Amino acid sequence: MKSYSTTDWNKNGQLRKVLSACKERENSMTLNMSFLRNVFLYKCLFALTFWNHVSLSVEDELFTSVSKNFPEDVSNQKITSLPLLYTKSRQSETDGDWVVIQNTTESLSLSEIENKNVKKLIALLSNFRQGSKLRNLTLTNVSVNWNDLMEMFQTVWHSSVEYFNINNVTQQLDIERYNFDYSGTSMKALTMKEIKITDMYFSQDNLYKIFADMNIREMTIADSEMIHMLCPSRKSSFRYLNFLKNDLTDFLFQKCDNLAQLETLILQKNKFESLRKVSFMTSRMKSLTYLDMSNNLLRHDGAGVQCQWAESLAELDLSSNQLVDAVFECLPANIQKLSLQNNHISNVPSRVAELKSLQELNLASNRLADLPGCGGFTSLQFLNVEMNSILTPSANFFQSCPRVRELQAGHNPFQCSCELQAFIQLERRSGGKLFGWPAAYVCEYPEGLRGTELKDFHLSPLACNTTLLLVTALLLTLLLVAAVAFLCIYLDVPWYVRMTWQWTQTKRRAWHNPPADQEAILQFHAFISYSERDSLWVKNELIPNLEREEGSVQLCQHERNFIPGKSIVENIINCIEKSYRSIFVLSPNFVQSEWCHYELYFAHHKLFSENSNSLILILLEPIPPYLIPARYHKLKALMAKRTYMEWPKERSKRPLFWANLRAAISINLPKGDENLYEETD
């Protein structure tokens, strides 16, 4: 940025000095020297034009240098946003004078207006009579007395200013009655923002009447904590009124007939509560076309309450209030654009009063669960239902709303299911009527699909066709039943079921009918399970070597220890339960014997039911895996997990084999074992 000399920055001050000198010289002239006075005035006007030209050229140069450092869209804005860069340097040299923010032929913007310089400002503004080129005046940071403030308004009122903006005003001292002269003004629009009234006790007429009776087209009073505004005392020429961000209530403009020419009324961010009273307020505004009541506290409970709106009202903004479904009973009949965004609406009643002229409806950020129909909105063209609670939108929306050209339904918690498939296909048929597709249409449920765009969500016809799904499920069930039946037969499941049943029945009889001679004590060191084809080895080798010493080892053998009269299964179970160990002599003959399989099953059942370590496996002969039937899967598991003993072919190793086997079954049986044994024998 270029640097400027002090002379450049002081040109505006020199301009004021020239004007002051001109005025002093003019006052010194006598009335009879009119000719000389006119000549001198021409010279003053020439000097004024010259200094304005110089100031404008310097300002343009500053604007050009600053705009190079800003984006193109910023450089095209008004220069009023730029002089803040040199406000401090200007203020330090004025010694209490106001700060010039903008000074061009048609626009003047000043800041820091106080009591010490307000008289000088009024004197300056009095020079801009009607016919001068000044059109725009902006005053910022004004802190003056009430009478000075009114005198300033009165001076501007009779000047050439058409657009007067005054921001951040602090009124000092008491508000008194002021006779404002409303005649002869060029003003078209007045904008006041951040007005602070320090007088807590004043007559409303002294303040509000001055502004209510201004015969201008546009007036804005914003962010000023204004609690009321009087109705104009005569027919008003207001076309535009903006009371943004104040404290106005339902009492505003009630029974006011003097705003018949008002077209636009903005009451955003106030404290209105009754929608019905708002409707009656507008009923006397015969030309009102736009009304903004957003960000208030509006409610309407219905209950047959009648509303009366201006017939000319075409656009209504009721967003960010506390309205519910009953609001549709209190709407202007000729409304064309309606915003109900951010309320508490959960449903659009089907019997809503017909709004035949309604073209745009905004229902975003409410509680809708589905798309509304167009039964009462026959001319609807644009609908916004974003950010509601719509899970599965109706697919027949465009059939009930044929005139809708754009539907905004994104940012809803869509549930990606079969019901949503029809809505996704609707987008393809609508020809691009869904606004924001596909980025704004994302799955929210189920959890696994969260974040997936609807265009990427697909389900097979089988998942969404109930009839086809039932037929497929039936076929799969039949296949499953057939597979289970085959596996049961292949794995001999019926046999296991039968054995389990016999085991259960035996146990039940033992519990209900305990034998008188039965005691819950061990009677044998081991129960021997073997195939009849291996009986020679058992009788000639196993039994003699274990029972070699009389009374040392007691073995349970079916030929001598099974009790006559009992079933084989009961005898097997009793022997296994009364034996410390169960010895299984394994060989190809063993896996071919069904009774051996019973004995192995019951012993294995005891192993898991009692959490014991009672099985001893003796591999008499190697068993090829292909010889083991499928139902002997437990035997395969036991041989894979447990250590088994192999019968040695070398005689030299057999003494060690018998010693290990005797050690495995060695236990001191309780007393009385011998007698019990003799009884069973």
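Residue indices begin at 1 and follow the sequence shown. Note that the coordinates shown come from a computational prediction; the quantities given were computed from them, not determined experimentally. These numbers come from the heavy atoms of this one structure, side chains and all, not from hydrogens, waters or symmetry mates.
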Any side-chain donor-acceptor pair under 3.5 Å between Ser365 and Asn342?
no

Counting only heavy atoms from other residues, nucleotides and ligands, does the tally under 6.0 Å from CG of Asn396 exceed 12?
yes

Determine whether more than 12 heavy atoms belonging to other residues, nucleotides or ligands lie under 6.0 Å from atom NZ of Lys433.
yes

Could you grab the distance from atom CG of Leu434 to atom OH of Tyr441, nearest 0.5 Å is fine?
4.5 Å

Residue that, paired with Cys307, satisfies side-chain contact (heavy atoms from CB on, under 4.5 Å) out of Glu329, His300, Lys277:
His300

To the nearest 0.5 Å, how far apart are CG in Asn384 and CD in Gln341?
6.5 Å

Over 12 non-hydrogen atoms of neighbours within 6.0 angstrom of CZ in Arg533:
no

For the CG atom of Asn545 and the CZ atom of Arg654, what is their distance to the nearest 0.5 Å?
9.5 Å

Look at the aromatic rings of Phe414 and Phe423 and report parallel, tilted or perpendicular, splitting at 30° and 60°.
parallel

Close side-chain approach of Pro393 to Leu420, heavy-atom, < 4.5 Å
yes

Taking the side chain as every heavy atom from C-beta outward, state whether Trp658 and Leu542 have any pair of such atoms under 4.5 Å apart.
yes

Would you say that Ile618 contacts Phe657 through its side chain, given a criterion of any heavy-atom pair below 4.5 Å between the two side chains?
yes

Interatomic distance, CD@Glu315 vs CG@Leu338, rounded to 0.5 Å, equals 9.5 Å

Are Ser319 and Asn362 packed together at the side-chain level, in the sense that at least one heavy-atom pair is separated by less than 4.5 angstrom?
no

First locate atom OG of Ser389, then atom CG of Asp370, and finally report the distance between them rounded to the nearest 0.5 Å.
11.5 Å

Quick check: do Leu297 and Gln322 have side-chain heavy atoms less than 4.5 Å from each other?
yes

Does atom CZ of Arg403 have more than 12 heavy-atom neighbours from other groups under 6.0 Å away?
no

Using side chain to side chain donor-acceptor pair (under 3.5 Å), reason through Glu419 and Ser417 one step at a time and then give a plain yes or no.
CA-CA 5 Å; Glu419 291 78 6; Ser417 58; 2.8 Å; yes

When you check the side-chain N and O atoms of Arg367 and His344, is any donor under 3.5 Å from an acceptor?
yes

With a sphere of 6.0 Å drawn around CZ of Arg299, does it hold more than 12 non-hydrogen atoms of other residues, nucleotides or ligands?
no

Might you work through the side chain to side chain donor-acceptor pair (under 3.5 Å) test for Tyr530 and Gln557, ending with a clear yes or no?
CA-CA 10 Å; Tyr530 58 94; Gln557 184 187 12; 2.9 Å; yes

CD1 (Ile345) and CZ (Phe328) are apart, to the nearest 0.5 Å, by 4.5 Å

Does any non-hydrogen side-chain atom of Leu363 lie less than 4.5 Å from one of Val348?
yes

